[in-house]
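Each remark here refers to the structure printed beneath this line.
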Amino acid sequence: MTKMIAGQSLVKVLEAWDIDHIYGIPGGSINHTVEGLYLEKEHINYIQVRHEEVGALAAAADAKFTGKIGVAFGSAGPGATHLFNGLYDAKMDHVPMLAIVGQVPQSTMNTNYFQEMDETPMFSDVAVYNRTATTAEQLPYVINQAIREAYRQKGPAVVIIPEDLSATEIDYEPVKTPNVVANTFTQVVDPQAVKATLELLKAAKHPLIYAGRGLLGARAELVKFSEQFNIPVINTVPATGVIPTNHPNALGTFGRLGSKSGFEALQHTDLILFLGSEFPFAQFWPKDIKIIQVNNSAFDIGKVVPIDYAVISDAKSYLQAMIATGETLPETTWLTANRQNKQNWQAWLAQLAADDSQGLAPEAVTKKIAELAGPKDTYGVDTGNVSEWAVRGLPMDQDQRFAISGLFATMGYGLPAGMAGALSVPDAQAWSLSGDGGFAMVAPDIITEARYGLPVINVVFSNQRFGFIYREQVDTKQHLYGVDLTDADWAKVAEGLGGIGFTVTNNQEVAQVFDQIKALQAQGNRKPIVVNAVIKNDDPIGTAFMPLDPQLYGEETVAAYAKENHIDRQQQPALGELLRAQGDTL
């Protein structure tokens, strides 16, 4: 045993779990935890953020990029409340996170003391593990248990520490932790489930895979299954990258952030193989189709949509069992038409990128990012229209990693996630993509990126409005109110905060600036970069509903929709038209 303050002992527990960095801001109620970080500074990096929310969001993004738990801390009172956005993001997207929360000394608790709050019930809804330490000696044990539960339940754990406890000297004995926390075993899947679902797939004429985050880490299995059974794949937005975006069977996603190919495949499918997801928008799928749901949580089976056959299994093991049957399905006109529809959509996005006659298209910026991106790069993507441009344009065809605030969908997520990418995957380029609304919420933490030499490339799509909400107000025929933004020169802001700033307004400037960024990379740049991309105010095309098939929606509706959205119907025929041209109808 070794004598040390309990604040140092808890840091040693973090080290035992291979945690190499932690985010937070010092405060009177957490100072001896910070002292512990100082005493262990050779082993764990303390990242001083400018707002606890940024630290918590970054910690959640760490877990999304790597699967390894992210850690943040805050002092009592306001420091604690500032953590909530990141904690709820981790909860909603089911990733492990630890929040260490300060509390006033025990002698002043329950006395209306400065910054005192009853913090335990405050975290009861968000945390999978929520404890207040009551002795200094138990602190290493409680931290260890919190981390175990965060991994086991895939969510945020909270440990509240009265300041006098972390200051107390204790006899510390190193805790034993497992070397592996990931689920690496292959589950035995019920053979009857394999047989039954195989029969359902064979009976379907237009089968479709809908893949969720439960398949992250199972890319090879999903690709193999899709190719062996000749079934196209849609993925949920948080699962972007679960199948390479350039794979011919990958159709994109469905909904407002989706693609024409994703939307139309859903309109013509007769069976969905729903894998590793609790996708809340499944309630908007067509009602007259069969659904096989595969999920390792019985609670999530049928939670959002009625299903026809349930398989309680992790999705990777299920795919491995299906592949092992050696069965296959023929390549049909259903697959070839979907592939063609996806190619047509990609060609249309390329046309949008090339045309800057009415102002810079955001697609031109994501296209340039795709050209510069490396095989292991990380993308931290904010909430709003920027989510649409990122999902549709960023390459996930090698080992790139993607983090977004999926179900909680908080604005201000891009910059913290970009920072997390630089820290969690330091041998690759980290990117953040934000709208000007979301970026304004967290912009001061460019200082943090500069302080720690994190050369994140932060792209800000500036159009002086909350574009996503603007569109909703237009669609619901409301007055346009509260959606306009006062402009700011984000390139100058970056320079004032210790970074490098560029502004681009057309395709030529985009090409020139990205050439400069490439040169800076070659020179070993360690400063954060902000690209202020001043884009035209056209909304991204909504893909939640795309009436382009005259047989389904009538010629008048289709003609009006195509005209409004500048769609050449010869270049973008509906999937139904492609199928009927090959004699394929349900």
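Numbers for residues simply follow the sequence, beginning at 1.
- Contact check for Leu271 versus Leu201: side-chain heavy atoms found under the 4.5 Å cut-off.
- In this structure, CD1 on Ile517 lies 5.0 Å from CD1 on Ile457, to the nearest 0.5 angstrom.
- The main-chain N or O of Ile529 is found under 3.5 Å from a side-chain atom of Asn458 such that the two form a donor-acceptor pair.
- The residues Lys368 and Glu363 are annotated as not salt-bridged, no charged nitrogen and carboxylate oxygen being separated by less than 4.0 angstrom.
- When all heavy atoms are compared, the tightest approach of Met92 to Glu278 is O-OE2, 4.4 Å.
- Summarising the geometry, atom CG belonging to Leu198 is positioned 5.0 Å from atom CE belonging to Met322; distances are rounded to the nearest 0.5 Å.
- A donor-acceptor contact shorter than 3.5 Å links the side chain of Asp314 to the backbone of Ser317.
- Note on ring orientation: taking the six-membered ring where Trp is involved, the planes of Phe545 and Phe263 are perpendicular (angle over 60°, cut-offs 30° and 60°).
- Counting non-hydrogen atoms of neighbouring residues, nucleotides and ligands closer than 6.0 angstrom, the NZ atom of Lys367 reaches no more than 12 such neighbours.
- Closest heavy-atom contact between Thr410 and Ser405: N-OG, 3.1 Å.
- A salt bridge between Arg471 and Asp539 is present, with a side-chain N of the basic residue lying under 4.0 Å from a carboxylate O of the acidic one.
- Of the N and O atoms on the side chains of Asn341 and Gln572, not one donor lies less than 3.5 Å from an acceptor on the other residue.
- Checked against the 6.0 Å centroid criterion, the rings of Phe461 and Trp490 do not qualify as a close aromatic pair.
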Could you go through the salt bridge (Lys or Arg N to Asp or Glu O under 4.0 Å) check for Asp399 and Lys376 one step at a time? CA-CA 5 Å; Asp399 291 322; Lys376 296 174 65 178; over 6 Å; no
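- Electrostatic pairing of Asp93 and Lys64 counts as a salt bridge here, judged by a charged N lying under 4.0 Å from a carboxylate O.
- Taking the centre of each ring, Tyr379 and Phe402 stay at or above the 6.0 Å mark.
- Between Thr197 and Val311 the shortest side-chain heavy-atom distance falls below 4.5 Å.
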Walk me through whether Asn296 and Ile312 qualify under side chain to side chain contact (heavy atoms under 4.5 Å, CB included). CA-CA 5 Å; Asn296 62 0; Ile312 301 176; 5.8 Å; no
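- Remark: the backbone N or O of Gln429 is paired with a side-chain donor or acceptor of Asp377 at under 3.5 angstrom.
- Atom NZ of Lys224 is surrounded by 12 or fewer heavy atoms from other residues, nucleotides or ligands within 6.0 Å.
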Leu423 vs Asp20, side chain to side chain contact (heavy atoms under 4.5 Å, CB included): CA-CA, chis, key distance, verdict: CA-CA 9 Å; Leu423 289 162; Asp20 60 10; over 6 Å; no
With salt bridge (Lys or Arg N to Asp or Glu O under 4.0 Å) as the test, would you mind laying out the steps for Arg339 and Glu331 before giving the verdict? CA-CA 11 Å; Arg339 285 175 169 175; Glu331 182 175 319; 3.7 Å; yes
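- The backbone N or O of Trp334 sits less than 3.5 Å from a side-chain atom of Asn338, completing a donor-acceptor pair.
- Using modelled atom types and a 3.5 Å distance limit, the side chains of Thr245 and Asp397 yield no donor-acceptor pair.
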If you apply the rule side-chain hydrogen bond (donor to acceptor under 3.5 Å, both in side chains), what do you find for Thr253 with Asn235, and how did you get there? CA-CA 5 Å; Thr253 190; Asn235 59 267; 4.7 Å; no
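- Annotation: the span from Leu215 atom CG to Thr236 atom OG1 amounts to 9.5 Å, rounded to 0.5 Å.
- A donor-acceptor pair under 3.5 Å is formed between the side chain of Ser259 and the backbone N or O of Leu251.
- Across every non-hydrogen atom of Val381 and Ile404, the tightest pair is O-CG1, 3.6 Å.
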For Gln340 and Asn344: C-alpha separation, side-chain torsions, deciding distance, then whether side-chain hydrogen bond (donor to acceptor under 3.5 Å, both in side chains) applies. CA-CA 6 Å; Gln340 184 60 55; Asn344 293 344; 2.8 Å; yes
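- Using a distance-only test at 3.5 Å, with no hydrogens or angles considered, no donor-acceptor pair links the side chain of Thr269 to the main chain of Pro207.
- Side chain of Thr240 to main chain of Val237: a donor-acceptor pair is present (N/O by atom type, distance under 3.5 Å, no hydrogens or angles).
- Side-chain contact of Asp355 with Ser357: a donor-acceptor pair under 3.5 Å is present, judged by distance alone.
- In this structure, the side chains of Leu360 and Thr505 stay at 4.5 Å or more apart for every pair of heavy atoms.
- Looking at Asn506, its side chain does come within 3.5 Å of a backbone N or O of Glu509 through a donor-acceptor pair.
- At a threshold of 4.0 Å, the pair Lys202-Glu327 counts as salt-bridged, since one of the basic side-chain nitrogens sits closer than that to a carboxylate oxygen.
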Could you walk me through whether His21 and Asp62 satisfy the side-chain hydrogen bond (donor to acceptor under 3.5 Å, both in side chains) test, starting with their C-alpha distance in whole Å, then the side-chain angles of each, then the deciding distance to 0.1 Å, before giving a yes or no? CA-CA 10 Å; His21 65 274; Asp62 281 327; 2.9 Å; yes
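- Phe468 carries Arg256 over the face of its six-membered ring, with the cationic atom under 6.0 Å from the centre and within 45° of the normal.
- In this structure, CD1 on Ile209 lies 11.5 Å from CD1 on Ile272, to the nearest 0.5 angstrom.
- Electrostatic pairing of Lys303 and Asp300 counts as a salt bridge here, judged by a charged N lying under 4.0 Å from a carboxylate O.
- Nearest approach of Pro416 to Val442, heavy atoms of both residues: CD-CG2, 4.2 Å.
- Between Gly212 and Ser277, the closest heavy-atom pair is CA-CB, 3.7 Å.
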Verify side-chain hydrogen bond (donor to acceptor under 3.5 Å, both in side chains) between His94 and Gln153, making sure each step is shown before the conclusion. CA-CA 8 Å; His94 303 296; Gln153 299 189 56; over 6 Å; no
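- The line from OG of Ser424 to CE of Met419 is 11.5 Å long, rounded to the nearest 0.5 Å.
- Taking the six-membered ring for Trp and the full ring otherwise, the centers of Phe279 and Tyr210 sit less than 6.0 Å from each other.
- Crowding of Lys536 atom NZ: a count of heavy atoms from other residues, nucleotides or ligands under 6.0 Å exceeding 12.
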Please test Phe439 against Asp382 for side chain to side chain contact (heavy atoms under 4.5 Å, CB included), starting from the C-alpha separation and ending with a verdict. CA-CA 8 Å; Phe439 189 76; Asp382 217 324; 5.6 Å; no
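- Between Pro280 and Val304 the shortest heavy-atom distance is CA-CG1, 4.1 Å.
- For the atom pair OH of Tyr318 and CD1 of Ile323, the computed distance is 10.5 Å after rounding to the nearest 0.5 Å.
- Taking a 6.0 Å sphere around OH of Tyr46, one finds it holds more than 12 heavy atoms contributed by other residues, nucleotides or ligands.
- No side-chain donor-acceptor contact under 3.5 Å links Arg401 to the backbone of Thr378.
- Without hydrogens or angle criteria, Gln400 side chain to Gly241 main chain gives no donor-acceptor distance under 3.5 Å.
- Side-chain atoms of Leu57 and Val54, non-hydrogen and from C-beta on, never get closer than 4.5 Å to each other.
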Before you tell me yes or no, could you show the steps for Ile69 and Ile147 under side chain to side chain contact (heavy atoms under 4.5 Å, CB included), namely the whole-Å CA-CA distance, both residues' side-chain angles and the distance that decides it to 0.1 Å? CA-CA 8 Å; Ile69 191 168; Ile147 295 172; 4.2 Å; yes
